[in-house]
Amino acid sequence: NAGVTQTPKFQVLKTGQSMTLQCAQDMNHNSMYWYRQDPGMGLRLIYYSASEGTTDKGEVPNGYNVSRLNKREFSLRLESAAPSQTSVYFCASSGAVNTGELFFGEGSRLTVL
Amino acid sequence: ELKVEQNPLFLSMQEGKNYTIYCNYSTTSDRLYWYRQDPGKSLESLFVLLSNGAVKQEGRLMASLDTKARLSTLHITAAVHDLSATYFCAVRRTGANSKLTFGKGITLSVRP
């Protein structure tokens, strides 16, 4: 029952370093999402992929890039990390055509010093 | 721009009492979702409300949707400690291709 798997779970970066957050789902879902969660801000959409081969910007895309590698995998890259990107990142997927319900990974806690 | 507002943002509840929390949104929507998050954990889906007048119940929680008022309520019956968590509502704007907008969440704390 893996569902949505994110790696790494924790990461500390220095300002200017790059890194990639990996996300994989085994539910054969078409749509995948990256959100960030900050205290008092709820979840804000960074990028999403409605289907394999497509990606679109969400509410807060600046400083991030994404790749929909195949139907299962959706990665989020920080090219030059900044302290403002310190956050908890959640990957989610959705395949329920009728409900559009999202299923979330466990989260990746990123600290940028 | 779709805005989703939840209130109150924090609610201290007494065990055994009933409470209602609210989710308002700013534009037409065809889906509303409630999620629960425990501290340091992921989000767990509670309810999916698909139409005006929809009501869903699970244990001590009951969610309803009024699309004309652009309002969803989450009613808590006889609060217990296990219900302490943060509750998010999320809304999908009509035609938005499954992209959800989340509220800021309501943190519920149940005290003896």
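Chain letters run A, B, ... following the sequence lines, proteins first, then strands; residues in each count from 1. Keep in mind that this is a model prediction, so the values were computed, not measured.
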Can you hop from [X] to [Y] via hydrophobic side chains spaced under 4.5 Å?
X       : Y      : value
V60(A)  : F90(A) : no
V112(A) : Y64(A) : yes
F88(B)  : Y25(B) : no
L65(B)  : Y87(B) : yes
L49(B)  : M62(B) : no

Is M41(A) close to F102(B) at the side-chain level, that is, under 4.5 Å between some pair of heavy atoms?
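No, too far: nothing below the 4.5 Å cut-off.
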Please report the C-alpha distance between L43(B) and L102(A) in whole Å, then the side-chain angles of each, then the deciding distance to 0.1 Å, and finally whether the side-chain contact (heavy atoms from CB on, under 4.5 Å) criterion is met.
CA-CA 9 Å; L43(B) 283 81; L102(A) 297 189; over 6 Å; no
For each of L9(B), V48(B), T107(B), V4(B), tally heavy-atom pairs with chain A at distances under 4.5 Å, and name the one with the top tally.
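Highest number of heavy-atom pairs under 4.5 Å: V48(B).
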Which atoms of L45(A) are under 4.5 Å from chain B, going by heavy atoms: the side chain, the backbone, both sets, or neither?
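Side chain only.
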Looking only at heavy atoms, what is the nearest atom pair of F104(A) and S42(B), with distance?
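Where F104(A) meets S42(B) most closely, the heavy atoms are CB-OG, 3.3 Å.
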Indicate the atoms forming the closest heavy-atom contact of Y35(A) with L100(B), along with that distance.
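In this case the closest contact between Y35(A) and L100(B) is OH-O, 3.1 Å.
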Between Q37(B) and chain A, with a heavy-atom cut-off of 4.5 Å, which part of the residue counts as in contact: side chain, backbone, both or neither?
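Side chain of Q37(B) only, per the 4.5 Å heavy-atom cut-off to chain A.
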Going from NZ on K99(B) to OG on S94(A), what distance comes out if it is rounded to the nearest 0.5 angstrom?
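The NZ atom of K99(B) sits 14.0 Å away from the OG atom of S94(A).
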If you count heavy-atom pairs under 4.5 Å between each of E59(A), R109(A), E106(A) and chain B, which one has the most?
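Of the candidates given, the most pairs with chain B belong to E106(A).
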For E5(B), is the CD atom crowded, meaning more than 12 foreign heavy atoms sit under 6.0 Å from it?
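Not buried by this count: 12 neighbours or fewer within 6.0 Å.
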For atom CD of E58(B), is the number of surrounding heavy atoms from other residues, nucleotides or ligands below 6.0 Å larger than 12?
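Open: at most 12 neighbouring heavy atoms sit under 6.0 Å from CD of E58(B).
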